[in-house]
Amino acid sequence: MSFTLATWNINSVRLREPIVCKLLAEEGPDVLCLQECKSPVDKIPLEQFAALGYTHMVAEGQKGYNGVAILSKLPLEAAGAHDFAQLGHARHVAAKLSNGVTIHNFYVPAGGDVADRTVNEKFGQKMDYLAQMRDFFHADAPQKSILVGDLNIAPRTDDVWDHKKMLKVVSHTPVEVEALSQTQDAGKWVDITRQDIPDGLLYSWWSYRAKDWDLADKGRRLDHIWATPDISNAGHGSRVIRAARGWEKPSDHVPVFATFDL
DNA sequence: ATGTCGATCCACGATCGA
């Protein structure tokens, strides 16, 4: 059995329902994990997605901020939702497919502008969130699992447009990269995107503030697909839908895809 | 420091978050 999965920070699922449908119609992933839905669960436009075959969903939502959802053509079973760092935010939801694979969908806190928790509470929350993710996967080793989402960290030098310039910018600071690495190690997670595309600059996010995102190309790889070692060899076909950054009323993130043959 | 988006409501402009 083979299935294709995608992750996309959509920055308002209601405003961008047309381009979610465009992606579903054109690319047809079996599973689409969304972050920053910015919507209560009961206001997610389910009918439009169901009309394209996405009749299953698990989601966590709240008004205005955060929010994560897993849309699927395949049956899903809810597999928990954790409030890491006790922020009261909808930032995680998990689902299990009938083939036994568990999917964790995360929206890690962005962390504010200053990489110092003594002056920036949001940075502390981000570090706490990552530490609790680490402890969660360390306490109960995940198996047959996939972890996706906007992790708000670009870990590698070639995950950012300028490594030296980014060393003090939240999302690429050494302390964050180390925390993400510890979280990854705790679950023995394999970075499927970089397993498939090991070399070269690779981004999934470009700021709205850049004049010409495509020309300037000052991107970061904030959106990730990881898998546990028991299924990591089944992962392949990773790709980033860069063109989506230029679609009508775009998100600042683009979808990242991978396929698993199980 | 700047820039641009989206959601909210003491709601049509200011504020917060990214």
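Every chain is numbered from 1, with letters handed out A, B, ... down the list of sequences. Keep in mind that the numbers below use all heavy atoms, side chains included, and drop hydrogens, waters and symmetry copies.
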Next on the checklist: Using O4'-C1'-N9-C4 for purines and O4'-C1'-N1-C2 for pyrimidines, with syn meaning within 90° of 0, is B:dC12 syn or anti?
Outcome noted: syn
Measure from [atom1] on [X] to [atom2] on [N] and round the result to the nearest Å.
| X | N | atom1 | atom2 | answer |
| --- | --- | --- | --- | --- |
| A:H89 | B:dC16 | NE2 | P | 15 Å |
| A:N9 | B:dG6 | CG | P | 12 Å |
| A:I153 | B:dA18 | CD1 | C1' | 15 Å |
| A:L215 | B:dG3 | CG | P | 20 Å |
| A:E17 | B:dA7 | CD | P | 13 Å |
| A:W205 | B:dG17 | CH2 | C1' | 13 Å |
| A:D212 | B:dT4 | CG | P | 13 Å |
| A:L15 | B:dG6 | CG | C1' | 7 Å |

Checklist outcome for this item: Comparing nearest nucleotides in DNA chain B, the 5'-proximal residue of the pair A:A210, A:G112 is A:A210
Checklist entry - Contact class for A:K211 (heavy atom, under 4.0 Å): base, sugar-phosphate, or nothing? => result nothing
State which of [options] makes the closest approach to the side chain of [X].
| X | options | answer |
| --- | --- | --- |
| A:Y65 | B:dT8, B:dG3, B:dC16 | B:dC16 |
| A:R91 | B:dC9, B:dG6, B:dA18 | B:dA18 |
| A:R14 | B:dG6, B:dT8, B:dA18 | B:dT8 |
| A:Y107 | B:dG17, B:dT8, B:dA18 | B:dA18 |
| A:K38 | B:dC5, B:dA7, B:dT8 | B:dA7 |

Next on the checklist: Distance alone, cut at 3.5 Å: any donor-acceptor contact between the side chains of A:N11 and A:E36?
Outcome noted: no
Checklist entry - For residues A:N152 and A:S171, is any side-chain donor paired with an opposing acceptor at under 3.5 Å? => result no
Checklist entry - Would you call the rings of A:F106 and A:F84 parallel, tilted or perpendicular, where under 30° means parallel and over 60° means perpendicular? => result tilted
Checklist entry - Is the phosphate of B:dC16, meaning OP1 or OP2, less than 4.0 Å from a side-chain N or O of A:K122? => result no
Checklist entry - Just to confirm, is there a sub-4.0 Å distance from OP1 or OP2 of B:dG6 to any side-chain nitrogen or oxygen of A:S12? => result no
[N] to [M] separation - [atom1] atoms, rounded to the nearest Å:
| N | M | atom1 | value |
| --- | --- | --- | --- |
| B:dG3 | B:dT8 | P | 25 Å |
| B:dA18 | B:dC12 | P | 25 Å |
| B:dA7 | B:dT2 | C1' | 23 Å |
| B:dG13 | B:dA1 | P | 29 Å |
| B:dA11 | B:dC5 | P | 27 Å |
| B:dG6 | B:dC10 | P | 23 Å |

Checklist entry - For the side chain to side chain donor-acceptor pair (under 3.5 Å) test, which of A:N105, A:N66, A:D150 pairs with A:Q35? => result A:N105
Next on the checklist: Is the shortest side-chain heavy-atom distance between A:L202 and A:V240 below 4.5 Å?
Outcome noted: yes
Next on the checklist: Ignoring hydrogens and geometry beyond distance, is the side chain of A:R209 in donor-acceptor contact with the base of B:dA18 at under 3.5 Å?
Outcome noted: yes
Item to check | Residue pair A:E27 / A:R239: nearest heavy atoms and the distance that separates them | outcome: OE1-NH2, 2.9 Å
